[in-house]
Every structure is written in C-alpha cells, then in structure tokens.
Q: 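Take this structure, written in structure tokens, and hold onto it; I'll ask about it next.
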Amino acid sequence: MRSVVTGVGGFLPAHVVSNDDIAQLVETSDEWIVERTGIRSRRRADEGQATSDLAVAAALEALTNAGRSPADVDLIIMATTTPDLTFPATAAIVQRKLGAPPGIAFDIQAVCSGFVYAMAVADNFMVRGLSRCALVIGAETMSRLLDWTDRGTCVLFGDGAGAVVLEPRAGQGTTADRGILGFSLRADGAKQDLLYVDGGPSTTGTVGKLRMQGNQVFRHAVVNISEAVLAAAETAGVTMPEVDWFIPHQANQRILEGVAKRLGIDGERVISTVAEHANTSAASIPLALATAMADGRIKPGQLLLLEAMGGGLTWGAVVLRL
Ligand code: UT7
C-alpha cells in the first residue's frame, strides 16, 4: 500500500511586505537581504487571521483538486510552530472549521521540518490501513513570533499555508509506484541554542520570540540536509539523476543552491519560491509544491524530492512519486 498525493493546495495572505518596508523598521536594505537570502518580499497575515484560517484555505483547495470534500477526511495532521492556541491542536480547529467528521486530528511540532515529519507520520497511518483520506497541512503565522527589532531574523520569515490530500493506493512495490517511496528524519536536540523561541507555557508563561544564530544554522544546513536526502533516496531505491523536481524548504536561496549542488541536481530541477514567500517554516514545501503544480511545471507521475531543516535542530527528507 502506498500513500498517494491526490490533491495539493496553497494559500498566501494578501498583505505583501517588501524588503523596503522592513528597512523602515530595522537597519537593513533590499540589497543586503536579496544578496544574502534571495528574499524580495513575504506575506503577513492580517490581525484576526489565524494559522487555522490559512490552513483551511489551503486544505479546501487541496480537497477540490483531489475531487474530495471535508466529509471524506478521517485524518488531519497539521505541521505548525505557530498554533492558534496552546491547545487544542490546530488540526482539531481546522477539522471544526472544515466541518469534517470526527476522526484523528493532531499537530506535529518539528518547526521548519514539520511538513516532512508530518508526511512520514501520515504514511505510517495510511499503510497500516488507519486512514482512507488524510490532510497533511503545513501552516504558519511566523510574523507573530518575530522580534521586529532583530534584523538577523525579522527579514527572513513569512506567513502562508500548504496542504496535500493523501489516499491509499495499492502499488507494485517498485519505484514506478505513485506515492511516498521513502523518507528519513533526524533531530539533534543538543543544538537547540542555534534556533529556538524564548518562551512557552511551562517556562515563561509567554509565547516568546524567535532567536537564531543564523550563520551557525547555515553552517550545518547543507551537510545535514544532503545526508538526510541521500538516506531517504536509498530507502526509496532511487538515485539523484532520476529525481524530476527538488522541492527544498525555502529558507535561503544560498542554502537550497548549496544542497542542490552537493547532490548534483541542476538548477532547472529546483523549485524556488523563497523570493516571494520567504521562509514560511512548515508551510514552505507544500506551498512551493502547490505553486509549481499550479503553473504547470510539476506534473502527475513525476519523482519529487522534499527536504527541510529547522529548529530542534530537526531535518529530514521525503521521496515521492506524484
Ligand atoms: O528555516 C530554519 C533554518 N534557518 C535557516 O536556514 C537560516 C540560516 N541562516 C541564514 O540564512 C543566514 O545565516 C542569514 C541570512 C541569517 C545571515 O547571513 P550570513 O551571511 O550568515 O550573515 P551573518 O549572520 O554572518 O552576518 C553578517 C553581517 C553581520 O554584521 P557584522 O557583524 O559582520 O558587522 C550582521 O550583523 O550581516 C549583518 N546582518 C545584517 N545586515 C543588514 C545580519 N542581518 C542583517 C540584515 N541587514 N538584515
């Protein structure tokens, strides 16, 4: 049994924030941000627009594209580091807002790697026959976690959501099968200090702000991600030349080019949305996938390689045939 992506959707809040807008708040420039990150703009959720609202919009588009309705959904896994509330899980809020029937719904917290982790967890539910129609969603309002006086972080992140519908299909057990073919997940909690939020219910009683030693995270990114990608590819039984599209977490153009180069994947096979979306954490991969499917680049049947790295540190990769 394979977990097959049957629909993809994305949603971006309307409000565009340019690099020049941020240069009004902190000492930075469009030139610096573009050169060091590739980012030109990002979206910001309006006041009153919660993570679940972005998630619902992306989920509805994914369900429509799959020819499904909320009534079919029996599992919702939400990857987010910016939940609406400390509890309930934002997945349960999304279930309510979609009007989906009672089923399984929970959140996954692996920060920017959340979507990769969520796909791996969903795959395990599906191949065990525990779900017929799952929504895997990455949705974030990162703007709410940013310290808008810290130029080292506030220029990097954006808000958005992406979702996929997964359904089980019998495969032949070959790499020609549609569906998730392999994945690898990693975490190294000893590197917490490199990227974390300095608040939480059981410590400060506050939400906290994002803190990052950007150049240290950068140092680990290319090597860590490449290792996880090769491990996922080995599990799946595929090689890099077979990959049609590389869909990396959209943290920084320099990181995604560095990983692609190390893996021998040429730039024409890399999906990059970092210029307009910035880093939307767990939303970035499904949003990039939705963008490249909507513009016709990615087509059913193609072999996709997804990867991410984020707070924890966590990182991982998924290989799937669309
Ligand atoms: O998704 C989660 C994973 N996160 C990431 O993958 C982020 C990884 N890190 C990065 O993308 C990069 O490290 C950054 C874009 C955050 C920073 O780029 P960098 O080339 O590593 O720069 P740096 O941190 O080494 O800083 C170089 C200089 C510093 O000034 P001094 O100390 O050399 O005088 C910074 O203060 O750039 C300065 N700087 C800025 N200058 C203008 C830092 N942020 C800014 C800014 N505008 N926004």
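Quick note: numbers below take in every heavy atom, side chains included, and nothing from hydrogens, waters or symmetry partners. Counting convention: from 1, in listed order, for ligands and their atoms alike.
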Q: Tell me whether Asn279 reaches ligand 1 (any heavy atom closer than 4.0 angstrom to a ligand atom).
A: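 For ligand 1, residue contact (heavy atoms, under 4.0 Å) with Asn279 is present.
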Q: Do Leu194 and Leu156 belong together in a cluster built from hydrophobic side chains that touch within less than 4.5 Å?
A: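 Yes, it is one cluster - the side chains of Leu194 and Leu156 are joined through contacts under 4.5 Å.
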Q: Answer with yes or no whether the side chains of Ser52 and Thr90 bring together a donor and an acceptor at under 3.5 Å.
A: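 Side chains of Thr90 and Ser52: no pair found under 3.5 Å.
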Q: Could you tell me the residue and atom name of the protein heavy atom closest to atom 44 (N) of ligand 1, and the distance to it rounded to 0.1 Å?
A: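 Protein heavy atom at minimum distance: Trp32 CH2, 3.3 Å.
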Q: Which residue supplies the protein heavy atom nearest to atom 36 (O) of ligand 1, what is that atom called, and how far is it?
A: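 I find the closest protein heavy atom is Arg151 NH2, 3.0 Å.
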Q: With a 4.0 Å cut-off on heavy atoms, is Gly152 touching ligand 1?
A: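 A heavy atom of Gly152 does come that close to ligand 1.
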Q: Who's the nearest protein heavy-atom neighbour of atom 21 (O) of ligand 1, and how far?
A: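 For this ligand atom, the closest protein heavy atom is Asn215 CB, 3.5 Å.
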Q: Does some non-hydrogen atom of Val111 fall short of 4.0 Å from ligand 1?
A: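 No.
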Q: Got an N/O contact under 3.5 Å between Ser29 and ligand 1?
A: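 N/O-N/O distance below 3.5 Å does not exist for this pair.
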Q: So which bit of Val155 gets within less than 4.0 Å of ligand 1, heavy atoms only: side chain, backbone, both or neither?
A: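 Looking at Val155 and ligand 1, just side chain atoms fall under 4.0 Å.
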Q: Do Ile93 and Leu54 share a hydrophobic cluster (ILVMFWY, side-chain heavy atoms under 4.5 Å, transitive)?
A: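 Hydrophobic grouping puts Ile93 apart from Leu54.
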Q: Using the rule that Ile, Leu, Val, Met, Phe, Trp and Tyr join whenever any side-chain heavy atoms are under 4.5 Å apart, tell me whether Val274 and Trp245 fall into a single cluster.
A: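 No, it is not one cluster - the side chains of Val274 and Trp245 are not joined through contacts under 4.5 Å.
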Q: Say whether Gln216 and ligand 1 are in contact under the criterion: heavy-atom distance to a ligand atom below 4.0 Å.
A: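 Gln216 does not count as a contact of ligand 1 under the 4.0 Å cut-off.
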Q: Tell me the protein heavy atom at minimum distance from atom 8 (C) of ligand 1, and give that distance in Å.
A: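 Here the closest protein heavy atom is Gly214 O, 3.6 Å.
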Q: Does Ile22 reach ligand 1, in the sense of a heavy atom lying below 4.0 Å from it?
A: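 Contact check Ile22 vs ligand 1: negative.
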Q: Does the side chain of Ile298 reach to within under 4.5 Å of the side chain of Ile247, using non-hydrogen atoms?
A: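 In contact.
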Q: For ligand 1, indicate whether the residue Val26 contacts it via side chain, backbone, both or neither (heavy-atom separation under 4.0 Å).
A: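 Neither; no heavy atom under 4.0 Å.
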Q: Near Met309, which atoms of ligand 1 are under 4.0 Å from a heavy atom of that residue?
A: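 Listed by number with element: 1 (O), 2 (C), 3 (C).
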Q: Arg254: heavy atom below 4.0 Å from ligand 1, yes or no?
A: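 The answer is yes, since Arg254 has a heavy atom less than 4.0 Å from ligand 1.
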Q: In the protein, what heavy atom is nearest to atom 2 (C) of ligand 1, and what distance, to one decimal place, separates them?
A: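 The closest one turns out to be Cys112 SG, 3.4 Å.
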Q: Under 4.5 Å between any side-chain heavy atoms of Lys191 and Val217, yes or no?
A: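 They are not in side-chain contact.
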Q: Is it the case that the side chain of Ser226 and the backbone of Val222 share a donor-acceptor pair, with hydrogens and angles ignored and the cut-off at 3.5 Å?
A: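 Side chain of Ser226 to backbone of Val222, a donor-acceptor pair under 3.5 Å: yes, one is there.
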Q: One residue to check: Ile255. Relative to ligand 1, which of side chain, backbone, both or neither has a non-hydrogen atom less than 4.0 Å away?
A: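 Under 4.0 Å from ligand 1, Ile255 contributes side-chain atoms alone.
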Q: For Val155, run the side-chain contact (heavy atoms from CB on, under 4.5 Å) check against Asp150, Val17, Ile33 and tell me which one passes.
A: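 Among Asp150, Val17, Ile33, the one meeting side-chain contact (heavy atoms from CB on, under 4.5 Å) with Val155 is Ile33.
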Q: How about Arg42 and Asn19: does a side-chain donor come under 3.5 Å of a side-chain acceptor?
A: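 Note: Arg42 and Asn19 side chains meet the donor-acceptor criterion.
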Q: Evaluate the 4.0 Å heavy atom contact test for atom 31 (P) of ligand 1: does a protein atom fall under the cut-off?
A: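 When distances to the protein are checked, atom 31 (P) of ligand 1 has no heavy atom within 4.0 Å.
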Q: At what distance is the nearest protein heavy atom to atom 47 (N) of ligand 1, and which residue and atom is it?
A: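 Answer, as residue, atom name and distance: Thr28 OG1, 2.6 Å.
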Q: Looking just at side-chain N and O atoms, do Glu140 and Thr80 make a donor-acceptor pair shorter than 3.5 Å?
A: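 Yes.
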Q: Decide whether Thr239 and Glu242 meet the rule of one side-chain donor and one side-chain acceptor closer than 3.5 Å.
A: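 Yes, a side-chain donor-acceptor pair sits under 3.5 Å.
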Q: Under 4.0 Å from a heavy atom of Met212: which atoms of ligand 1 are those, numbered in the order shown and with their elements?
A: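 Matching atoms, with element in brackets: 4 (N), 7 (C).
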Q: For atom 20 (O) of ligand 1, which of His249, Gln253, Gln213, Arg36 has the closest heavy atom?
A: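 Comparing heavy atoms across His249, Gln253, Gln213, Arg36, the nearest one to atom 20 (O) of ligand 1 lies in Arg36.
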Q: Give yes if a backbone or side-chain nitrogen or oxygen of Thr37 is under 3.5 Å from a nitrogen or oxygen of ligand 1, and no if not.
A: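 In this structure, Thr37 places no N or O atom under 3.5 Å from an N or O of ligand 1.
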